[in-house]
Amino acid sequence: MSDHHVLSSPMPVLGNRAVLTTPTGTQSMQVLRRRRLTMLLLNVLTYALLMWGVAVVLSAGGWTAFDVVLLAAFAIGSPWAVLGFWNAAIGLWLLHGVRNPLAKVAPFAKAGESEVPILVRTAVLMTLRNEDPARAILRLKTVKESLDRTGYGGQFSYFVLSDTNDASIAAAEEEAVQTWKRSLPDPDQVVYRCRAENTGYKAGNLRDFCERWGGDYELMLPLDADSLMSGETILRMVRIMQAHPQLGILQSLVVGMPSASAFARIFQFGMRHGMRSYTVGQAWWAGDCGPFWGHNALVRIRPFAQKCQLPILPGKPPLGGHVLSHDQLEAALMRKAGYEVRVLPVEGGSWEENPPTMLEFIRRDIRWCQGNMQYLKLLDMPGLQPMSRFQLAWAILMFLGIPAWTLMIAFLPVLAWEARSISDYPTMLAIALYVTFFTMYLSPKIAGLIDAALTPGAVSRYGGRLRFAASALIELVFSFLLGAVSTIRTTIFMIGLPFGKSVTWGAQARDVHGISWGAAVVAFWPQMLFGVVICGALLAISPTVLLWSLPLTAGYLLAVPFGVLTAHPELGRFLQRAGLCGIPEDFDPPPEIEAVQTRCA
């Protein structure tokens with residue numbers, strides 16, 4: 001079925017004028033186009049003003065080769081912050097300036113509020129590769145128990161889809177599943193399968209399921225080894241998918257689980273309060289071309305199996321071969337097939353675990369980096385929606401901006417040296433640009449804090465005002481240090497990509513564990529060396545500029561102690577005892593999280 005046919009099928013009539021809608025018929029395309037045009041104009045104007053200001057500062061005293069390179073680096077590195085600012089600003093306005101904001105950004109969601117019977121069959125899939133079997137299967141068992149409590153458990157089946165290549169772990173997986181099956185009244189409701197080769201990585205794992213069992217189900221719910229969802233949230237999403245057959249992917253708003261890791265606690269505290277306004281703002285204009293994060297999302301199996309086959313990219317790895325970052329491309333192909341891809345921007349009932357240490361965070365980041373860079377070979381894929389093509393380009397730019405910012409920081413001493421010899425250097429404009437840009441960069445966090453303060457009862461869910469304020473301050477400092485440490489590692493990796501540098505997608509370390517000082521030095525000496533060189537040069541040239549630069553540069557100098565301390569189990573236990581950097585589930589855990597925590601204790 002072509003895009004044109006699907007898009008043209010729902011045609012409500014207002015007066016004498018037909019209104020073109022999205023495939024589900026729930027949203028006017030005219031409204032979406034107007035929103036996207038508004039977003040485009042806001043971003044272009046903001047970006048142009050920033051570029052003009054930076055050009056004025058750099059041109060003081062005449063242009064040099066360094067100035068041209070810096071302007072180009074800023075041009076590449078700044079769009080992500082500009083879009084983030086407007087996403088957060090629009091999201092905050094919708095949440096607190098508009099009646100019933102969910103109707104504006106998720107008009108399809110009303111179907112999930114009804115109590116209509118669940119008629120479709122859904123397969124809940126957990127994909128594994130060398131993970132801790134007991135830990136992963138406990139989460140899947142908890143999901144099943146939660147769904148069984150709703151009374152609709154019979155409409156769901158459960159698949160453990162393993163790509164494990166460690167024989168001892170595979171044997172433990174199979175034994176854990178068999179033990180689980182023996183405890184069930186209907187053991188055939190749970191299936192275990194282990195592939196000999198992980199062809200196509202996770203996307204290939206899901207495709208194997210579709211080919212073997214997909215015909216028996218209408219929907220599938222992929223879960224990662226660290227995923228957890230409540231039965232009520234899943235039912236709400238299934239009802240939405242059931243009511244709207246042209247909805248191809250429905251992504252839940254995934255948030256972090258309570259953690260004993262200091263690193264994970266601080267990181268997900270910032271993500272939690274910052275995600276709501278950002279996601280609502282993004283959903284307002286992305287609409288039917290929404291995000292897919294590869295897990296904790298419902299997927300319609302038939303169009304996925306028929307239309308979302310990933311290409312094998314020409315050339316050798318790292319940029320050739322099987323696509324690593326499959327999710328966003330699958331979303332683009334689903335939308336190309338005439339089905340909507342939507343996010344339900346409502347927090348609650350959908351969780352994941354975040355990396356427990358800086359090292360694990362960086363490993364995950366560079367895997368995403370390599371996968372996103374493969375999109376360079378997919379931008380000209382025929383038939384994609386313009387919004388889908390933009391999202392692929394945006395995923396590339398997210399990582400291209402990292403070495404651009406690293407280059408700008410590396411050139412700070414040169415800028416400081418040039419400024420000393422320019423009598424009419426526009427110092428006030430430079431400071432204004434610096435403050436403005438940092439405010440924009442932090443805007444999702446700022447909007448999240450404002451959102452929590454304006455939402456009745458929200459701050460108390462984070463442990464009260466004092467804990468929330470202290471946690472916000474801790475997370476702000478943390479985010480600056482984290483940014484410095486991670487950007488250097490990603491920059492080094494990206495430099496290696498053209499020379500064949502590659503990573504593999506293996507198991508992640510999810511349990512709390514420390515990092516020794518020796519391991520931290522081995523891992524983070526490039527950051528420390530970079531920081532010593534840049535900060536030392538700035539100290540010699542202009543101590544004032546050095547002070548202004550510390551939000552950007554302090555993380556390089558502190559990379560080693562930052563990595564060690566945020567991984568230290570005792571710091572995590574202290575934050576838990578004090579209730580700092582806790583998320584709402586820390587203070588009022590739902591039954592699903594209580595079940596996992598109790599059984600893991």
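Numbers for residues simply follow the sequence, beginning at 1. As a basis for the values below, the full set of heavy atoms in this structure was taken, side chains included, without hydrogen atoms, waters or symmetry mates. Worth saying up front: this structure is predicted, and the values here are computed from it rather than measured.
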Is there a side chain to side chain contact (heavy atoms under 4.5 Å, CB included) between M39 and L83? Walk through the geometry before answering. CA-CA 9 Å; M39 195 69 175; L83 183 63; 3.5 Å; yes

side-chain hydrogen bond (donor to acceptor under 3.5 Å, both in side chains) for S325 and Q374? Distances and angles first, verdict last. CA-CA 8 Å; S325 293; Q374 288 181 303; 6.0 Å; no

Report the C-alpha distance between F562 and F524 in whole Å, list the side-chain angles of each, state the deciding distance to 0.1 Å, and finish with yes or no for ring-ring contact (aromatic ring centres under 6.0 Å, His included). CA-CA 10 Å; F562 176 77; F524 303 132; 8.2 Å; no

Could you check R272 against E585 for salt bridge (charged side-chain N to carboxylate O under 4.0 Å, His left out), going step by step and ending with a plain yes or no? CA-CA 11 Å; R272 181 60 174 269; E585 290 82 356; 2.8 Å; yes

From CA spacing to verdict: side chain to side chain contact (heavy atoms under 4.5 Å, CB included), I534, Y556: CA-CA 9 Å; I534 299 302; Y556 304 127; 5.8 Å; no

Tell me, with the steps shown, if F269 and F468 meet ring-ring contact (aromatic ring centres under 6.0 Å, His included). CA-CA 10 Å; F269 172 82; F468 187 71; 5.7 Å; yes

Please lay out, stage by stage, how Q370 and L497 fare under the test side chain to side chain contact (heavy atoms under 4.5 Å, CB included). CA-CA 8 Å; Q370 180 174 329; L497 276 176; 4.3 Å; yes

Check against side chain to side chain contact (heavy atoms under 4.5 Å, CB included), L253 and W293: CA-CA 10 Å; L253 183 59; W293 302 323; 4.2 Å; yes

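One finds the CZ atom of R489 at 9.5 Å from the CZ atom of R363 (value rounded to the nearest 0.5 Å). Rounding to the nearest 0.5 angstrom, the gap separating the OG atom in S388 from the CE atom in M381 is 11.0 Å. With rounding to the nearest 0.5 angstrom, the OG1 atom of T487 is 10.0 Å from the CG atom of D365. Note that CG of L71 is 10.0 Å distant from CE of M408, once rounded to the nearest 0.5 Å. For the atom pair CG (L378) and CD (Q328), the distance works out to 11.5 Å, reported to the nearest 0.5 Å. For the atom pair L400 CG and I76 CD1, the distance stands at 7.0 Å (nearest 0.5 Å).
F437 has its ring centre less than 6.0 Å from the ring centre of F74.
Under the 3.5 Å distance criterion, the side-chain polar atoms of S471 are matched with a main-chain donor or acceptor of C581. Judged by distance alone, with hydrogens and angles left aside, the side-chain atoms of R276 form no donor-acceptor pair with the main-chain N or O of G448 at under 3.5 Å. The main-chain N or O of L92 is never found under 3.5 Å from a side-chain atom of S277 such that the two would form a donor-acceptor pair. Of the possible polar contacts, one joining the R265 side chain to the L580 backbone as a donor-acceptor pair under 3.5 Å is found. Under the 3.5 Å distance criterion, the side-chain polar atoms of Q391 are matched with a main-chain donor or acceptor of C289. A donor-acceptor pair is defined here as one N or O able to donate and one able to accept, closer than 3.5 Å; no such pair exists between the side chain of K445 and the backbone of M271. Within the 3.5 Å criterion, the main-chain N or O of C194 finds no donor-acceptor partner in the side chain of S162. Counting only distance, with no hydrogens or angles, the side chain of N354 and the backbone of A264 share no donor-acceptor pair below 3.5 Å. Remark: side-chain polar atoms of R135 are not paired, donor with acceptor, to backbone N or O of E131 under 3.5 angstrom. Checked by atom type and distance alone, the side chain of Q268 pairs as donor or acceptor with a backbone atom of M257 at under 3.5 Å.
Closest of all the heavy-atom pairs between W285 and M387 is CZ3-CE, 3.4 Å. For the pair P345 and V280, the tightest heavy-atom approach, listed with the atom from each and the gap, is CB-CG2, 4.0 Å. Minimum heavy-atom separation, V564 to S516: CG2-O, 4.0 Å. The two residues P356 and F263 make their nearest non-hydrogen contact at O-CB, 3.3 Å. The two atoms that bring C369 and T490 nearest to each other are SG-CG2, 4.1 Å, heavy atoms only. Annotation for E475 and I266: closest pair CG-O, 3.3 Å, computed over non-hydrogen atoms.
Shown here is E570, whose CD atom has more than 12 heavy atoms of other residues, nucleotides or ligands within 6.0 Å. No more than 12 heavy atoms of other residues, nucleotides or ligands lie within 6.0 Å of CH2 in W525, so this atom counts as exposed by the packing criterion. More than 12 heavy atoms of other residues, nucleotides or ligands lie within 6.0 Å of CZ in F438, so this atom counts as buried by the packing criterion. In K377, the NZ atom is crowded: over 12 heavy atoms of neighbouring residues, nucleotides or ligands sit closer than 6.0 Å. More than 12 heavy atoms of other residues, nucleotides or ligands shown are found within 6.0 angstrom of CH2 on W394.
Counting only heavy atoms from C-beta outward, the side chains of L310 and L333 approach each other to under 4.5 Å. In this structure, T46 and M440 have side chains that are in contact, with non-hydrogen atoms separated by less than 4.5 Å. Within the 4.5 Å cutoff, the side chain of H326 has no heavy atoms near those of the L329 side chain. By the 4.5 Å heavy-atom criterion applied to side chains, F399 and M373 are counted as neighbours. Residues S549 and L538 meet the side-chain proximity criterion, which asks for heavy atoms closer than 4.5 Å. A 4.5 Å side-chain heavy-atom check between S443 and W86 finds every atom pair outside the cut-off. You'll find the side chain of F478 reaches within 4.5 Å of the side chain of T566, heavy atoms only. Looking at V82 and Y441, their side chains never come closer than 4.5 Å, going by heavy atoms from C-beta outward.
Between the side chains of S259 and E353, not a single donor N or O lies within less than 3.5 Å of an accepting N or O. Of the N and O atoms on the side chains of N296 and S350, at least one donor lies less than 3.5 Å from an acceptor on the other residue. Looking only at atom types and distance, the side chain of W351 has no donor-acceptor partner in the side chain of S227 under 3.5 Å away. Side-chain atoms of N87 and Q282 form no donor-acceptor pair, as typed in the model, at a separation below 3.5 Å. A donor-acceptor contact closer than 3.5 angstrom is absent between the side chains of S542 and T544. Under the 3.5 Å distance criterion, with hydrogens and angles disregarded, no donor-acceptor pair is assigned to the side chains of N198 and N205. At a cut-off of 3.5 Å, with distance as the only test, a side-chain donor of S168 or D166 sits close to an acceptor on the other residue.
By the side chain to side chain contact (heavy atoms under 4.5 Å, CB included) test, D67 pairs with L58, W63, T64, L415, E418, sequence neighbours left out.
Annotation: cation-pi geometry satisfied between R207 and F304 (NZ/CZ under 6.0 angstrom from ring centroid, within 45° of ring axis).
Checked against D163 for a salt bridge (Lys or Arg N to Asp or Glu O under 4.0 Å), the options R129, R195, K202 give a single hit: R195. The only member of L223, L125, D226, V254 that meets side-chain contact (heavy atoms from CB on, under 4.5 Å) when paired with H295 is V254.
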